[in-house]
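Below is one structure, written out as structure tokens; the observations come after it.
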Amino acid sequence: HTHTRTAIMDSVVSADVENSAVRPGDVSGGDSSEYIHRDMTKAQLSAASAAFRLAAGDDGTINKEDIETLVSQLLQDTMHQTLLHELVASTAPRSQRVSLNQFLDIVNECLPMTTAWGSLSTKLRGHVGFDSIGEQIHQKMVRRGFEFNIMVLGQSGLGKSTLVNSLFLGDVSRTSCMPDGPKPPPLQTVEVQTVSHVVEENGIRLKLNITDTPGFGDLVDNTDCWQPAVDHILYQYQLRMEAEAAVQRDPHAADTRIHCLLYFIEPTGHGLRELDIIVMRRLQNIVNIIPVIGKSDTLTPEERDAFKIRVQDDLCRNAIKCYPQPRADLDETEEERNAMLRSAMPFAVVGCNFERVDADGRVIRGRKTRVGLVNLENPKHCDFALLRNMLIRSNMQDLKESTDCILYERYRRHQLRPDIEDDPLAVSEITKEMQETYMEVRYSMMRPNKATAREDLPPARDSDEHDQGSDSSNDDGDSDGDYDDQREQRMAGEQGEYLTVAHDEGSHAYSDQGEDVDQEYDDYDDDDDGAIIV
């Protein structure tokens with residue numbers, strides 16, 4: 001019989017492998033009695049053999065390409081595709097067909113890799129009680145508490161402190177913890193400063209460490225201004241590695257590794273600067289980078305959306321990896337959520353720590369201006385709610401696992417075997433093929449219902465374009481005209497949900513409440529230049 005992947009999956013699902021009369025010694029393609037002495041039980045051998053017989057052809061073998069689908073369906077688990085592919089290749093290196101004994105070898109090797117055994121699971125005759133292990137772990141972890149470490153990186157005046165305070169509804173930022181009095185003079189070098197808090201919500205304690213980098217990008221010469229942040233991240237990895245290698249290890253040692261880096265992008269409307277590209281490319285292999293556009297309400301909705309597209313294109317052209325990245329160990333629901341988050345990056349955010357009453361009498365958190373309110377929870381105004389939900393409510397544990405299992409492991413392998421593991425700080429050369437691949441992924445992600453042809457993609461820019469000292473914000477070519485035309489049309493008199501107020505530094509977009517309100521402004525940061533002159 002000729003079986004496709006769909007036919008294999010349907011046959012395995014419909015097979016009554018539990019009641020199968022197939023015995024280990026009755027299978028074709030070789031004697032399988034040797035498996036009785038291995039890790040698989042007689043019932044597991046019978047179930048696996050029955051699934052193989054249903055999917056096999058007349059010659060009693062299965063195509064190599066269909067083995068991975070059959071194993072995943074038999075175990076009801078999506079195995080790590082790279083490991084499974086290598087396992088299948090090593091089991092039958094010289095043939096494109098897999099026999100029963102080879103298939104049993106593959107299944108036997110896959111069982112220790114997962115706890116989802118599907119049809120090979122052993123059924124119990126009654127209730128045992130180990131289903132309470134989740135509650136046991138929950139009680140133990142709640143009693144111990146949790147940790148989460150965030151680093152904010154960006155120029156002064158982009159709303160870093162206000163955004164952090166808005167995320168956690170408290171004065172947790174570095175500037176909020178400074179003593180009252182005159183402001184300190186501007187820093188001449190980049191410093192790394194960390195403040196720690198213990199916050200509690202519904203009985204759950206969280207030790208929150210906020211790391212700030214005052215002075216980053218504020219100097220005339222910003223050469224190596226990212227180095228203090230890199231050194232701090234690697235130093236935390238080194239401390240962890242030394243703690244693991246100690247003779248007497250502390251099982252409850254504090255985790256000081258940076259789990260997430262919020263990289264603030266200036267809302268210029270043009271794209272990433274040369275400094276942004278260099279910094280993110282150097283940090284992408286040692287920390288989870290989440291790009292955000294600070295003070296996004298300084299852009300009109302059209303300018304904001306166009307700016308996000310330009311930043312996304314710059315990230316793809318320069319092969320910059322941002323969190324979350326696709327992973328084989330995620331289920332379908334998690335991958336769909338992460339794909340949605342990737343399509344929304346960079347997050348256009350607005351920070352505010354004051355409650356207001358809108359025109360409908362609702363109490364909201366937002367910035368009050370002469371023309372209306374900027375509502376933090378309104379997705380039409382900004383992506384604050386999306387960023388908060390990802391960072392705190394849905395992906396906090398995944399950020400910690402990604403740091404521990406991927407980023408830290410990469411650093412650890414390089415320290416132990418630098419001859420076989422590349423340096424995480426090494427900046428690889430960007431090829432044309434890499435740029436086109438990233439752009440195809442980016443456009444298919446943004447337009448899932450439209451087939452993307454290679455000729456429809458914008459031309460990839462050379463990777464050495466930024467090395468020549470040119471700023472990406474000034475190298476947009478003719479594409480600037482489209483965005484300028486949109487802005488001119490918007491400011492020519494188009495009325496809608498947003499109003500545009502022009503001033504010397506750009507434009508500000510706020511929701512129109514249709515009423516006159518008192519002139520009042522909220523400072524984003526303690527180091528703001530002051531109110532906006534309208």
Side-chain angles (χ1 to χ4, degrees), residues 80 83 112-115 133-153 172 174 177 190-200 203-213 224 226-262 282-290 321 323-325 327 329 391-392 395-427:
H80 195 294
L83 296 177
M113 301 180 184
T114 177
T115 56
I133 188 172
E135 183 63 26
Q136 298 175 34
I137 296 175
H138 172 75
Q139 294 177 358
K140 192 172 184 178
M141 296 302 296
V142 167
R143 185 168 58 252
R144 186 182 305 167
F146 302 89
E147 296 171 324
F148 192 55
N149 308 320
I150 301 178
M151 174 181 282
V152 291
L153 191 64
V172 297
R174 175 187 62 87
C177 302
V190 181
E191 295 183 0
V192 177
Q193 301 177 6
T194 302
V195 292
S196 299
H197 306 269
V198 174
V199 295
E200 185 171 351
I204 305 297
R205 294 194 311 275
L206 176 67
K207 183 179 180 181
L208 181 65
N209 297 319
I210 308 295
T211 302
D212 197 359
T213 54
D224 295 337
W226 58 85
Q227 197 60 44
V230 173
D231 294 341
H232 178 80
I233 295 172
L234 296 183
Y235 179 65
Q236 307 310 316
Y237 286 160
Q238 183 63 30
L239 291 179
R240 184 71 173 189
M241 191 171 176
E242 292 176 356
E244 292 178 350
V247 176
Q248 293 183 343
R249 297 190 297 179
D250 183 6
H252 306 305
D255 184 7
T256 59
R257 294 170 296 184
I258 301 299
H259 301 134
C260 169
L261 184 141
L262 297 179
R282 291 185 178 275
L283 292 172
Q284 62 181 349
N285 291 323
I286 61 174
V287 70
N288 296 309
I289 299 178
I290 300 179
K321 296 179 291 186
Y323 177 87
Q325 287 293 304
R327 300 209 314 263
D329 60 333
L391 197 63
I392 301 175
N395 287 49
M396 177 182 287
Q397 182 60 30
D398 188 69
L399 281 164
K400 299 174 67 174
E401 292 179 357
S402 175
T403 301
D404 183 42
C405 301
I406 300 178
L407 302 175
Y408 170 69
E409 283 299 317
R410 182 185 293 125
Y411 169 83
R412 178 179 171 275
R413 287 195 302 267
H414 175 71
Q415 295 298 314
L416 297 177
R417 293 293 301 275
D419 55 327
I420 63 173
E421 181 69 25
D422 294 336
D423 186 359
L425 295 178
V427 180

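One-based numbering along the sequence shown.
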Looking at Ile133, I want to see if its CD1 is surrounded by more than 12 non-hydrogen atoms of other residues, nucleotides or ligands under 6.0 Å. no

From the list Leu153, Ile233, Leu234, side chain to side chain contact (heavy atoms under 4.5 Å, CB included) with Val287 holds only for Ile233

Side chains of Val230 and Ile286 in contact at under 4.5 Å (non-hydrogen atoms): yes

Can you tell which of Leu425, Leu261, Asn288 makes a side chain to side chain contact (heavy atoms under 4.5 Å, CB included) with Leu283? Leu261

Under 3.5 Å: donor-acceptor pair, side chain of His259, backbone of Lys400: no

Calculate, to the nearest 0.5 Å, the distance between atoms CZ and CZ belonging to Phe146 and Arg205 respectively. 9.5 Å

Close side-chain approach of Leu391 to Phe148, heavy-atom, < 4.5 Å: yes

Salt bridge flag under 4.0 Å for residues Asp422 and Arg410: no

State the CD-NE2 distance between Glu409 and His414, to the nearest 0.5 angstrom. 14.5 Å

Under a 4.5 Å cut-off applied to non-hydrogen side-chain atoms, are Glu244 and Arg240 in contact? yes

Is the shortest heavy-atom distance from the side chain of Tyr408 to the side chain of Met241 under 4.5 Å? yes

Non-hydrogen side-chain atoms of Gln397 and Glu401 separated by less than 4.5 Å: yes

Between Gln193 (side chain only) and Asp212 (backbone N and O only), is there a donor and an acceptor less than 3.5 Å apart? no

With the side chain counted from C-beta on, respond yes when Thr213 and Val152 share a heavy-atom pair under 4.5 Å apart, and no when they do not. no

How about Thr194 and Asn209: does a side-chain donor come under 3.5 Å of a side-chain acceptor? no

Is there a donor-acceptor pair under 3.5 Å between the side chain of Arg412 and the backbone N or O of Gln238? no

Starting at OH of Tyr235, measure out to CD1 of Ile258 and round the result to the nearest 0.5 Å. 13.0 Å

In Å, rounded to the nearest 0.5 Å, how long is the span from CG of Asp255 to CG of Leu239? 11.0 Å

With distance as the sole test, does Thr403 use its side chain to make a donor-acceptor pair with the main-chain N or O of Leu399 at under 3.5 Å? yes

Is the shortest heavy-atom distance from the side chain of Thr211 to the side chain of His232 under 4.5 Å? yes

Over all atoms of both residues, closest heavy-atom pair of Ala229 and Met151: CB-SD, 4.1 Å

Tyr411 and Asn285 side chains, donor-acceptor separation under 3.5 Å: no

If you round to the nearest 0.5 Å, how far is CZ of Arg144 from NZ of Lys207? 14.0 Å

So that I can tick it off, tell me whether Arg327 and Asp398 are bridged by a salt bridge, with the cut-off set at under 4.0 angstrom between side-chain N and carboxylate O. yes

Please determine whether the number of non-hydrogen atoms from other residues, nucleotides or ligands lying under 6.0 Å from atom CZ of Arg249 exceeds 12. no

Starting at OG of Ser196, measure out to CG of Asn149 and round the result to the nearest 0.5 Å. 8.0 Å

Do Asp224 and Trp226 come within less than 4.5 Å of each other through their side chains, counting heavy atoms only? yes

